[in-house]
Structure formats: C-alpha cells, structure tokens
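Below is one structure, written out as structure tokens; comments come after it.
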Amino acid sequence: MIISHRPNLSRLVVSRFQARAALQMAGLLDMVEAAMQSPTVDPIVHLAWTDAQEFRRSSPSIAAMAAQFGWSDEQLDALFMTARGIEA
C-alpha cells in the first residue's frame with residue numbers, strides 16, 4: 001500500500017486578489033496576464049480569469065490554465081497554499 005503524504009487541496013478556495021498576489025510573488029503574473037490575452041485561449045478560461053471573484057483548486061478552468069502553462073499538481077498546490085496565506 002502506498003500512502004500519499006501530499007495534502008488534498010481540492011477544496012481550497014482563494015480570492016482573486018490572493019491568486020493574483022501569489023502569481024506576482026512567484027514571478028508568473030505578467031506571463032499569465034499576457035497568455036490570457038491570446039486569441040487561442042478558451043473563452044471560458046478567459047472569462048474565469050477576468051471575472052471570477054474566487055478561484056477553486058478543483059475548478060476545470062484552473063486545471064486548463066495549469067495545463068496550458070505546464071504546471072504540475074504540486075506547483076499548482078504550492079501557488080494555492082501561498083495564496084491562502086496572503087491577506088490584503
């Protein structure tokens with residue numbers, strides 16, 4: 001039996017500010033902003049990026065963004081964990 005020590009973060013929710021601040025701290029915000037302006041971005045993902053007031057770790061739009069940028073589950077979890085700790 002293999003036991004995973006990775007916490008289940010699928011229910012984690014962060015505010016728009018927290019998500020953007022975590023991306024800024026990781027040096028990724030400018031890249032994400034530019035990518036979201038591409039005409040090839042899924043329109044639903046673009047709407048989520050521009051209009052969502054909160055981001056859920058389990059969201060299909062978040063999964064699509066992570067796949068677009070080649071982020072692993074661990075990298076995405078780390079961004080969400082960082083975001084969770086940010087207060088305005």
Side-chain angles (χ1 to χ4, degrees):
M1 171 189 275
I2 298 174
I3 299 174
S4 173
H5 295 287
R6 192 170 148 247
N8 181 356
L9 304 177
S10 65
R11 294 181 185 232
L12 192 55
V13 178
V14 298
S15 73
R16 176 174 181 76
F17 164 74
Q18 288 173 309
R20 292 171 53 83
L23 288 168
Q24 179 66 37
M25 291 171 61
L28 300 171
L29 184 59
D30 289 342
M31 177 191 70
V32 172
E33 289 279 358
M36 289 300 126
Q37 298 307 313
S38 170
T40 62
V41 169
D42 179 307
I44 300 301
V45 171
H46 183 262
L47 283 172
W49 175 252
T50 59
D51 295 340
Q53 295 303 305
E54 64 183 23
F55 293 96
R56 297 179 180 277
R57 173 61 181 86
S58 61
S59 162
S61 294
I62 294 296
M65 283 186 208
Q68 177 180 346
F69 299 121
W71 297 339
S72 68
D73 283 342
E74 291 78 13
Q75 289 169 309
L76 191 55
D77 287 347
L79 283 169
F80 268 81
M81 291 296 292
T82 297
R84 182 176 74 165
I86 297 171
E87 294 184 26

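These values consider heavy atoms only, across backbone and side chains, with no hydrogens, waters or symmetry-generated copies. Keep in mind that this is a model prediction, so the values were computed, not measured.
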(request) Check the hydrophobic clustering (I, L, V, M, F, W, Y; side-chain heavy atoms under 4.5 Å; chains of links allowed) and say if Leu28 and Met25 are grouped together. (result) no
(request) Output all residues satisfying salt bridge (charged side-chain N to carboxylate O under 4.0 Å, His left out) with Arg56, sequence neighbours left out; order by chain, then residue number. (result) Glu54
(request) Using the test salt bridge (charged side-chain N to carboxylate O under 4.0 Å, His left out), find all partners of Arg20 that sit at least two apart in sequence or belong to another chain. (result) Glu33
(message) If I compare all heavy atoms of Ser15 with all of Phe55, which pair ends up nearest, and what's the gap?
(response) O-CD1, 4.3 Å
(request) Decide yes or no for Val13 and Gln18: does some side-chain heavy atom of the first lie under 4.5 Å from some side-chain heavy atom of the second? (result) no
(request) For the pair Arg16 (side chain) and Trp49 (backbone), establish whether a donor and an acceptor sit closer than 3.5 Å, ignoring hydrogens and angles. (result) yes
Show which side-chain atoms of residues 58-70 pair as donor or acceptor with protein atoms under 3.5 Å away, not counting sequence neighbours.
{"residue": "Ser58", "atom": "OG", "partner": "Ser10", "partner atom": "O", "Å": "3.3"}
{"residue": "Ser59", "atom": "OG", "partner": "Ser61", "partner atom": "N", "Å": "3.0"}
{"residue": "Ser59", "atom": "OG", "partner": "Ile62", "partner atom": "N", "Å": "3.4"}

Acceptor/donor pairs from residues 35-48 side chains to any protein atom, 3.5 angstrom cut, sequence neighbours excluded:
{"residue": "Ser38", "atom": "OG", "partner": "Thr40", "partner atom": "N", "Å": "3.2"}
{"residue": "Ser38", "atom": "OG", "partner": "Thr40", "partner atom": "OG1", "Å": "2.8"}
{"residue": "Asp42", "atom": "OD1", "partner": "Ile44", "partner atom": "N", "Å": "2.6"}
{"residue": "Asp42", "atom": "OD1", "partner": "Val45", "partner atom": "N", "Å": "3.4"}
{"residue": "His46", "atom": "NE2", "partner": "Met36", "partner atom": "O", "Å": "3.4"}

Validation: residues 79-88 side-chain donor-acceptor distances under 3.5 Å, sequence neighbours left out:
{"residue": "Thr82", "atom": "OG1", "partner": "Ala78", "partner atom": "O", "Å": "3.0"}

